[in-house]
Structure formats: structure tokens, C-alpha cells
Amino acid sequence: MSDVTAEELMAVTASRLLADHKVVFAGVGMPLLASAVARHRQAPHLTIVLEGGIIGTTLLPGKLPISTNEMRAAYGAQMLTDITDIFLYAQRGFFDYGFLGAAQVDMYGNINTSVIGSMERPRVRLPGSGGANDIISLCNEVLIVTQHEPRRFVERVDFITSPGYLSGGDSRARAGLVGGRLGAVVTDLALLDFEPGSRRMRLRGLQAGVTVGQVREQTGFDLLVGDDIEELVPPSAQELAIYRELRDGPATAEPAADAGDLADRVPAGPA
Amino acid sequence: MSDVTAEELMAVTASRLLADHKVVFAGVGMPLLASAVARHRQAPHLTIVLEGGIIGTTLLPGKLPISTNEMRAAYGAQMLTDITDIFLYAQRGFFDYGFLGAAQVDMYGNINTSVIGSMERPRVRLPGSGGANDIISLCNEVLIVTQHEPRRFVERVDFITSPGYLSGGDSRARAGLVGGRLGAVVTDLALLDFEPGSRRMRLRGLQAGVTVGQVREQTGFDLLVGDDIEELVPPSAQELAIYRELRDGPATAEPAADAGDLADRVPAGPA
Amino acid sequence: MEPVTVMAARAEREAAGRPVADKRMTAEDAAALIRDGDHVAIGGTLYSRTPMALVFALLRQRRRHLTVSRPLACYEIELFLATGALDRIVTSWVGIGLPWGLAPVFRHYVERGEARYDEWSHLAMGLRYKAGAMGVPFLPSLTMLGSDLAGALGLQTVDCPYTGEQLAAVPALNPDVALIHAHRADMFGNVQVDGYRHMDADMAKAARTVIVSAERIVSPEEIAASPAQTMLPHFAVDAVVAAPYGSYPHECYGLYGPDFGHFTAYAAATKEQGPAGALRYVEENVDGHTGFAGFIAAAGPERLAALAADAGELMGR
Amino acid sequence: MEPVTVMAARAEREAAGRPVADKRMTAEDAAALIRDGDHVAIGGTLYSRTPMALVFALLRQRRRHLTVSRPLACYEIELFLATGALDRIVTSWVGIGLPWGLAPVFRHYVERGEARYDEWSHLAMGLRYKAGAMGVPFLPSLTMLGSDLAGALGLQTVDCPYTGEQLAAVPALNPDVALIHAHRADMFGNVQVDGYRHMDADMAKAARTVIVSAERIVSPEEIAASPAQTMLPHFAVDAVVAAPYGSYPHECYGLYGPDFGHFTAYAAATKEQGPAGALRYVEENVDGHTGFAGFIAAAGPERLAALAADAGELMGR
């Protein structure tokens, strides 16, 4: 399957990490798309939860939400509750996965969506945490999906909006954080995890045709490299078809130009 | 109006204390009946709240509830929520009155519905607080209605289930209790309040034909007597008619024997 | 009280996977999930939406050393006591209902020290379940302060780090099992309830094992047609039991009223015979039938129709 | 953050009587209840069920030194900033919506230090309103720990007196004013909402003054016909404003979708002109009409019908 976009590659690769019968608390954009792909493939019993207070959304293909609080996000849901309540489910330990994008992530998995520069006088004031801080603090296991660029993969984030392993080792547990074991980071170049002892980010798999050197080049810190680097299987025709139908609607229908266009451009944002 | 029962006398007297436009958190039995009478007379805009999570019940005459959680309690309600939520409204300060019965009350307005004797080895294990502890702790002003007997009006309760003025003076505030200013105690003999400084129970009014001596005789502690003792106006024909219709249903209908019979026998219980 | 750490409660919750499966089973199979010594939280309140079909199934098992908690407890407490199943009661009120006076079987066991009654305020019970449901070890409150209940329970206080105000710290309660009766559930355990919800949602979210009985088992599509009415999602539920009239002789909002005549007969028997009366009640009404459906059949269609009519009148039907 | 004592918040609540009266008024009269310097909490989230008719009425007043809080904030923040009304933003996220990228007017003011942005996590915002609604000065939580948000805000911790575990202490927020948009309300202020409730209920219960706009003003009898759907009781509401399409150009669950074209035009104008574009938007769309109905009329029946059709498709109509 030719001309696979970076988004498609990331979403499909990430979708494979989701096991059946689990509950995923997904941000909009790639996390939601990846979760929806998983539901249509290996994880038909995956429950997708969105922070608008939505449990078990099934989504209407071609009508994907761009906010977790809008009607489209609630399509087919089994339950609607409120925002605070849904996060309290997370705090109780009900959500197997938290699934996030990241504007800037560091070697310990800390995410910054607050400021470039200082908080007092930011060079760029980013939108803020949204639910990302809560998702990474409260879900049982956290997955991150984002594009692999040096400006995104930095040694230390300017500001820890959403805590990963903080300064590594047991610093996360010492801060009182109970949930939020960081499982994997998926990018258009690689699959990464965190080394158990140091909690530093570690290369585990490469997208087809990508070299370790290329990943290092696109990473703004000294990346650990695991012992057996897996070559990731490229998206199958079936996976791409599922992804594209979800994004654009059934192929037979008129292309839902606006919605598809929007979904394409969805950056990492409020989870 | 002859043959006025003690319950009728208490309920009607108590009903007059409720001002229009206020919100009353009422226990079942006399507090609820008195609140309903007030709604049909001087306080048509009184909102009755019940701990089952019921706001604005209007009640079906002759079908009065004997539990605050049953369907009959919800008749005509504007809002249904859950139990915890309704008490949290009280904690926020939304409820002008808390309205309780009392199995045993002392000179400081403390109520015992837990044990006669000791907690470890009670002589009589009473049902317990229900919502009474919360109502007296959290509502803005608390009214108590109960029969005037020495065994009910004791110097110190065996056990403070529901805190009144504790040991008097500022001891209630010192315990951290924010709401629950005790307004009045209504009995079949008298109207009482609490002296501002000492917070001891004080006689303020007498039911028609009752003397101060009779009240003292039926009170198990040294009762303060206010300066100007008011003579309480006996229940009017209108008040009694309202009360009896609420209890028994419309006079034209078949008497709802069971419900009426039950309501007659309602003692002070879970608020 | 046994403090539950957030760490422990969460670890238990995380470890207990709940696959999206057909969770329908009989009340007896569901009750078999309950072990001796468990803390069983019973949904509804007093005589409203009590999960009676599940209570009866548990009574039939003759478990031992149970703790039972409820917002306000009714005669089911006496049935557990009389069958030797119950060591400890955690609630704010115990009785059959006001007109029936003090509950003699309850008094018998508690006054003799044969069962323990931890008495909390009604709100405190609610906050205990809510803290458990929220995944925090306590919630601050202005209730129970100054009372002897606080002292008897060893209730602690906590100071607000911002205002310095002292509040009651109401400890989390994470029951081993929650029993809930609902109007509707699908086979996966998505649960809907009409009317008020008592403390059921928090109780279930706090519990390790959740058993739900429902008047009707419905399709997932029927659940999805009114998702705002869903009280519990499937991932908070372990077992689903079909139980028409599953709260009888208690009431179920909108569907049927309580059978006060049944209460009165029970109250008369226990007033006269004490624990023996309660035990006999269990032998006749629980053990005497192969399942809850037999108990319902014995109530008879006329009585059930009358109770449904009572509810209908209140609902304006 | 300004710590609010329970004593103070309660005293204020107790002192403010809310008679059961006809609370209907115009959006302009309701907005006149808001004073310079007030903390105004805005209901809904991002572009869902935003009380836009009330926001527009408030914009028209050109209040000064406001603080605005919301769960996730949309372009209304920029409108307040550009008209000089806003000193401080309290939320977890500010933007128009993901596809429109960073919000330039917001950036302009915050990056220059001309407005302050107190960034909390999304749950922390919810717990702040909830603590305010519950009448406690803080709630314990496991969120925000270890993050730089905690340090920037001066977030305190609290130790559980039972388990010794350390938790974040999320301080109560009691807004001066809450603005809420609902599907239905009666003249007394009993308010019903369809679908999810965002943080509206807690926000309103926490606030001193509560202004509710509603798509439809209905009879008290219609409210009482489905009491479990009531989100706020009349005694939590001060003013009721009739506002058909009252969230437009944002969406209202089940009734109409968001007008993304409107967003895109706004985003293009502010990308090009910065604050001047936002100010011009207010002059045209707010000041340029005598009331919100004029703004709705300008949107035109075809567009509104299309947005209603979008909602209908999602609701299976």
C-alpha cells in the first residue's frame, strides 16, 4: 500500500498495542483514531472512553469528533456522565490505558503542553494540559503517540505539564503518583518504551525502512537502544482501509470533505 | 375543635415556624407532615427536601411516605438525585431548615437515637442516626418536634448521636460545626428555644391550657423560662382539616385505612 | 474500621480484569462469588430497590462472618443475623420501617454483643462509598463532628492546608462485594436505573466484586438509546442476574410498591418469637423455594398486580 | 489562588435568600448582575453547550478586571481579552479547537503578561468546582502530583490520617457568578439538561450568583414529569433567560451541531489581525445587534437548519 501518511503509520502502529476487552481513555486525534482502528480489528471489545464523560463510543465513520465533549464523540455510547466523574473512574483504576498525543516529550516521558520558555514570561503560551495531566497521572498504563522530531523529543521539557517518570528512577512513585505506568511511545519512526531501572526512553522497534541512526537523528537526547530491536510490520491494506473509512466515511458515500480535512490536521491537543 | 391529638397539636404548632420561600430538609413523620401543612397554608412556596434525594415533593394526600426513600416521598418532585448529593446540598448551606424528631433530647439540644445505656453493652439498641446527625450538623437552622415526656427530655443524653449545642456555650462551634443553629423545639406542651449565652433549653411558649409547672414536670432537667411566655394559639379548624386530609386523603374518598393508620403511629425515626 | 490504602485498592482494581462477556448467571451462581468473611454492601435504601433476589440467594448459602453495609438497613439484617451469617453491621439506621418500631432480632444480637453495629451518619456512609469510588482514602466533611458517633468510631480529622479549618476525615469504604438491583441491564453489565439512585453508583464503583440484578435484561441497543440514564458501565460489573420483582417485598421505583402486609406479618412473628421467627421466615421464604421466582410466585399475581397499581398511581398512570 | 473558608462560603450562601419567584429576565438584565472584578465561571466545555447568549450579553457590558474559569475554554476567552474585560483565566486548556491551532489573541495577552493564565489539570478544575459545591475547602486527589503545574499554582498536599498517604489537596473554587446554558428551565429556575453535564452542576452549586439560559422555558409540570433529569433545583438559580440557539455558534447536545465555518472565519480574522480581529468580531456580532436574537437571525434559518440536521443525524433522527 503506497503513500501511507505519517499519521496513518502512527495510528495503525499504535492501534496494535491495544488488547481486546480493555478500557482505553483516549484523547482526540490520533489516540482516538488508533483506538477506533483497534476496535474494528483485533480488539472488538475495546471500550473507548472520552473525557467529555462518554463511555463506549462507537463513532460514526466520517464524523469523528475534534473535541472529546462534542456530540459526535458520544455517538453510540453506552453511558454519558460528566467530566469530573469520568476522571474519577480513572483515579479509581478503571482505565487500562490512557492514550495521549504530545507536543513535547522528554527522555523520561514527561510531556509539555504549557509553555515554550518560562511560565512567567512564555515565548509561546501553549493551550495547556486539558486532561493530559490527569490521564498520565491516573490511568493504569499510558501510551503516547506523536511525530518523531528533535523539537518534540527533548532531553528535558521546558515545563512538566503531564508527569512521566519525572527525573527517572523511583521519582514518580515518590511524588505520590499511583497510576500511570508509561508503556510505550509510538512515532512515525519507531516504537519506544522506558528502561525499567533508569526509566529512560529506549528504542524497541523501527518502522519499516528506518534505521537506528535516523531515529537518533530525530531525537533530541541520548536515546537508549534495546537489545533486540523489532522491525515493525507496515500497515496492512485492511488496517489502512479501516483507518481511512473511519476518517473519511464509507467509500461509497460522498466524501465528507470538511470532517476528513479536519481529522487530517488534528495535532496533539487537549486529551 | 375538640379531640385534637398530641400529634396534630405538635405538627400544626411546628408548621407555623416555617416561613414561605424557604427550603426545609424534613424527616418523615411529624416533620414532613408539619412541612406539608405549612405548604398548604402560610408557606405555599416552601420547598420540601427529603433525604432519599428528593427535592420539591408535593405529596399525595392519604399516601404519605413512611420512609424518605420510597416512591410516595417523590410524588410531584421537581428533582430526584441521590442520597449523598442531597446531604452535600445541606453541607453547602442550601437548606434553611432541618426538621427532626427526637427519641431523647437534652438541655443543650443534643439528640440520642443510638443507645439507652452504653454503646459497648446497650440496654436498648436504638436504630441509629439515619440522617439526623447530618441534618443537625449541616442545615442552617434546626427545628425539633417531639412529645414532651421526662424520659425524652433528659439532662444529658446517654449518647450524642446528633449534636445540638454539645456542652453549651461555644462548644458547638469549637467542635468545627458550621451550620445547624438550633432554632426551636416544639412539643405537645410547649415551644422552646435555646438561651443565647448558655445555649440551654428555654421555655418560650405554652400550648393552650398548659402551665409552666406542667412543662417542668414533664422535663427531666432544670428548664430555663423566658421572660415573656407566649400562649400558643390552638390549631384552627383550617389547620386541622389540612393536616387530616394530608394524612388520610380527601374526605370524600374512601379512607385509606392502611396509610392513615401508619402515619398516626410514626414515631421519631430516621430523619 | 480498617483503613484501605489507595495503593491497595487500586492494585486490586487493576488486577481484576473484567472482560466484555455475557455476564448473565443465576442468583445462586452469583452469590457463590461471595466468601465467608466478606464485606457485602447492599444497594438501595431501607425498603426501596433492595436487591432482594440477591439477598435471598446469599441467605441460602449460609455464609459466615459477613460484614454487611447499607445506607439504611431493613429486615434483611435480621435474616442474616438469625441464620448466623453476620458478624458486623455498618450503616446509619436499622429497622423495618418506622411504624413497626424497634427491630427485636437486631436488638437481640447487638445488645448481647453477638454482633457489632458500627453506626455512621447517613452522609458519612455516602462519603465512605464515594471515597472508595473516587479512589481516595478519605473525604473531608463537616458532618459527625462533636458527636459521640465520631468518638465511638475513631473518626479522625484533617486540617485544610489552605484555610486551616478542621474537618472530619471520612474514611473510604471498599466493600468486597456490592449487590445492586436495577431496572434494566444488558448482558455485559451496563446498568440503568429510574428515579433516584440511592448510593448505588458509588457503592458499586468502590467494590471489588459487583453483582447486579435487573427487572429486565435488555439489548445493548436499548441501553445506547438512552445513555444518560446508565448508572454503571459494564466494566464496573461482574455478574448480571435476571430478577423480575427482584426487590419484592420491597419496592422498585415506578414499577411496584412495597408489600407492607408482608412486613407486618414478619414483624409480628419476630416480636413474638425473636430470632426463631426470623429463622423460620428464612426457612419458609428462602429455603422453601428452589429460587427467588418461587418466592415471587407464592406472593401471587393478585398481590403483585396491586403493588404495581400502587406504583402506577404515584407515577400518574 | 485565594483560599475560601467554609465559614465564609456558607455564610454567603445562607445570607443570599432565593425566593421562589418568576426569575425570567433578559440576558442583558441578567448580565447586569455581574460586577467589575467578579470571577465568572462559564458552563459547558470548549464548544459544547457554552452559554453564548449570556457571554454575549456580558461582552456587551464591557466589564473590567474579570476572572473567567471554565473546564476547557474556547474563543470567548479571546473576546473578553480583546474587549479589555479579562485579567485572569482559570482553566486547563485554551484554544478554539484542535484544527485551528494556537489561539493568537490568547497568546498575545498571556505572553505579554497582560493577562494571567492559572493552568490547572482538567480534573483539578472539576474538583475545585466540586469542593465548592460540596461546601468543603478542598478535596484530596492523586492528580497533578509531581508536575510543574503543582509548583506554579502553589498546590498543597494533605496526608490521609488513616493510611498516611500523601495526596494533592485541590482547593475549592466558589465563583462569584456561574453562567449555564440548558435545554429546559421553568420560570423558577428548575433546570434540565440532556446528554452529558460537563461540570455545570458543581459549578452552579459552588457559585454565589447563578444565571441560566435555556433553549426552552417550560412549565413546572413538564419539569416534574421527568424529575430525574433535573440538573439544578430552583434554589440554586437566580436568573432564567430564554435563549433559543443560546449556544450558537457552539453546539447544544441533541439540538444543533457547532458551526465550524463560523470558527474558521473567526480564526482567519484573528490570525491576520490579532486582537483587532477579535474586537471587530465583538463589534459586529455582539454590539452590532440589539440582542442575541439578532445574532441568531443573522446566522440565517438555512444554516441553523443544517446544524439541527447534523445533530439529528447523530441522534438517529
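Chain A is the first sequence line, chain B the second, and so forth, proteins listed ahead of strands; every chain is numbered from 1.
Chosen from D/L123, D/V94, D/V110, D/L145, the residue pairing most often with chain A at heavy-atom distances under 4.5 Å is D/L123. Top candidate by heavy-atom pairs under 4.5 Å with chain A, chosen from D/H250, D/Q166, D/H198, D/M199, is D/H198.
Inspection of the D/S48 and A/E70 side chains reveals no N or O donor paired with an N or O acceptor under 3.5 Å. At a cut-off of 3.5 Å, with distance as the only test, no side-chain donor of D/T50 or D/E76 sits close to an acceptor on the other residue.
Salt bridge status for A/R125 with D/E119: present, with a side-chain N to carboxylate O gap under 4.0 Å.
Proximity to chain D involves both the backbone and the side chain of A/L126, based on heavy atoms less than 4.5 angstrom apart. Contact annotation for A/T81: only backbone heavy atoms (N, CA, C, O) come within less than 4.5 Å of a heavy atom of chain D. For A/R123, the part sitting under 4.5 Å from any heavy atom of chain D is the backbone (N, CA, C, O) and nothing else. Using a 4.5 Å cut-off between heavy atoms, A/M71 touches chain D through backbone and side chain atoms alike. Of the atoms belonging to D/M125, not a single heavy atom falls under 4.5 Å from chain A. Only the side chain of A/Y75 comes within contact range of chain D, with at least one heavy atom under 4.5 Å from a heavy atom of that chain. Of the two parts of A/V157, neither the backbone nor the side chain holds a non-hydrogen atom closer than 4.5 Å to a non-hydrogen atom of chain D.
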Could you please spell out the steps behind the side chain to side chain contact (heavy atoms under 4.5 Å, CB included) verdict for D/Y253 and D/M315?
-> CA-CA 9 Å; D/Y253 183 89; D/M315 296 294 125; 3.6 Å; yes
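The aromatic rings of A/F25 and A/F87 sit tilted relative to each other, their planes meeting at an angle between 30° and 60°.
Across all non-hydrogen atoms, the minimal contact from D/Y196 to D/R49 is O-NH2, 3.3 Å.
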